[in-house]
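Side chains included, hydrogens not; waters and symmetry mates left out as well; all remaining heavy atoms used. Proteins get letters first, then strands, A, B, ... in listed order; numbering begins at 1 in each.
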There are 2 protein chains.
Amino acid sequence: MDISEVRARIVATADELYNAKGIQSVGMDELRTAAGVSLKKLYQEFPSKSSIVMAVLERRHQSWTEGLDARVRLAADPRARLLAIFDYLAGWFCDDSFRGCGFINSFAELGAISPEVAEYAREHKESFQHYVAHLVGDAGGPAYLAPQLSILAEGAQTTAAIAGTADAAGQAREAAVVLIDAALGKEAAAAP
Amino acid sequence: MDISEVRARIVATADELYNAKGIQSVGMDELRTAAGVSLKKLYQEFPSKSSIVMAVLERRHQSWTEGLDARVRLAADPRARLLAIFDYLAGWFCDDSFRGCGFINSFAELGAISPEVAEYAREHKESFQHYVAHLVGDAGGPAYLAPQLSILAEGAQTTAAIAGTADAAGQAREAAVVLIDAALGKEAAAAP
DNA sequence: TCAGAGTGAGAACGATCGTTCTCCATCTCG
DNA sequence: CGAGATGGAGAACGATCGTTCTCACTCTGA
């Protein structure tokens with residue numbers, strides 16, 4: 001039983017529970033039971049609940065970043081790579097465990113009372129915007145396109161979470177097509 | 001001291017506190033002190049904390065709906081009314097007390113454990129989408145434009161909340177201009 | 001074999017939560 | 001004036017939280 005294997009299982013279990021029920025609703029005892037470790041080992045690996053929360057956020061950031069980038073790399077050209085962002089969202093929204101962006105949720109729950117959480121959520125979103133800006137640059141698009149697409153992606157996440165459907169991904173993708181084609185200088189073909 | 005005046009003060013105080021610190025972080029005693037009422041009177045007006053939460057959500061829905069509609073009515077033509085949505089957001093984001101959409105936040109905090117809250121948040125967002133669809137219809141735009149603009153507005157709210165700046169309102173508005181003009185059949189003039 | 005370090009299960013602790021109850025001062029109305 | 005209703009301040013209650021402690025048990029190494 002590797003020592004970091006225990007850490008990983010704790011963080012993975014906390015990630016699932018926090019996503020499903022919210023952070024404040026999940027006590028250390030519930031996490032202990034679900035992860036199958038003793039309370040002593042739990043506090044041996046993490047000094048406090050808030051350190052577990054930060055570890056979960058780091059895990060989420062890595063998971064999101066890698067998943068998105070893997071999907072983007074499947075696309076053939078720069079324009080398709082921009083749209084791949086929304087294909088990634090579509091797949092995510094169909095996951096049964098999808099309950100909205102974990103950073104938006106943790107910011108809503110703890111941002112006001114935990115500067116650590118608020119700052120990490122801000123950095124995560126900033127990192128995403130930089131990633132989009134990088135893709136926009138590769139496509140030869142103007143700088144203003146990146147925040148527009150980022151806002152579309154954020155809105156799709158909250159809309160899908162609250163509505164409980166995956167429709168928002170496709171709707172945001174169609175909007176992205178219009179914004180991208182307009183920004184890249186092509187003329188948009190109006191529907192008849 | 002009117003009996004409903006006390007109710008209104010309790011709900012208004014709860015709204016401020018819940019917005020500033022999150023719902024679960026604000027105890028009944030803190031609310032009691034801030035509202036300047038006795039615990040007895042508080043429980044005389046509301047049977048439980050969750051009923052106060054629902055009253056706050058109703059207040060937020062009414063305030064949001066009225067504020068948005070008032071701003072929209074200032075606009076001269078149907079296209080300007082669609083853009084007025086984002087002007088309303090811009091003003092809201094500049095408010096010092098802005099900490100994101102209260103429905104997104106309450107859904108993130110309580111949606112998983114309170115079906116009442118989740119359902120009310122869903123209804124609020126649905127109501128907003130219907131409102132946008134009504135404005136789109138008046139402008140002669142296609143049905144698909146409404147969810148696109150709604151998603152933009154949602155994304156602007158979360159982006160502004162987490163980033164801590166009001167930039168997202170203007171960026172979303174520019175994107176809305178492109179989407180609206182494309183949907184209304186005008187040709188978008190590409191920047192040189 | 002046996003001292004000693006580490007483990008697991010869970011009791012215990014202090015704090016805080018939502019909610020109720022107690023006590024007493026104040027007002028009303030005849 | 002005086003009995004009864006009302007309301008305020010806050011103590012009290014049971015539950016639950018994050019965290020620590022107890023204690024019996026199991027390995028290890030010379």
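- Near DNA chain D, meaning a heavy atom under 4.0 Å away, there are no residues from residues 106-115 of chain A.
- Relative to the ring axis of A:F107, B:R99 places its NZ or CZ within 45° and under 6.0 Å from the centre.
- Between A:E45 and A:K41, none of the side-chain N atoms (NZ, or NE/NH1/NH2) sits under 4.0 Å from a carboxylate O, so this pair counts as no salt bridge.
- Rounded to whole angstrom, the span from the CD atom of B:Q44 across to the C1' atom of C:dT20 amounts to 14 Å.
- Nearer the 5' end of DNA chain D, as judged by each residue's closest nucleotide, is the contact made by A:D29, out of A:K40 and A:D29.
- Residue-level contact check: B:K49 touches the backbone only, with heavy atoms under 4.0 Å from sugar-phosphate atoms and none from bases.
- The pair A:R81-A:D138 does not meet the salt-bridge criterion, since no charged nitrogen lies less than 4.0 angstrom from a carboxylate oxygen.
- Under the 4.5 Å side-chain criterion, counting only non-hydrogen atoms from C-beta, A:S106 is in contact with A:L57.
- At D:dC17, none of the side-chain N or O atoms of B:Q24 fall inside 4.0 Å of OP1 or OP2 (strictly under the cut-off).
- Between B:Y43 atom OH and D:dG10 atom P there is a gap of 17 Å when expressed in whole angstrom units.
- In this structure, B:M28 atom CE and C:dC17 atom P are separated by 12 Å, rounded to whole Å.
- When rounded to the nearest whole Å, the span between CG of B:L42 and C1' of C:dC17 equals 14 Å.
- Across all their heavy atoms, A:S25 and B:Q24 have their closest contact at OG-NE2, 4.3 Å.
- C:dT7 atom C1' lies 13 Å from atom CD of A:E45, rounded to whole Å.
- Between the side chains of A:Y18 and A:N105, no donor-acceptor pair of N or O atoms lies under 3.5 Å.
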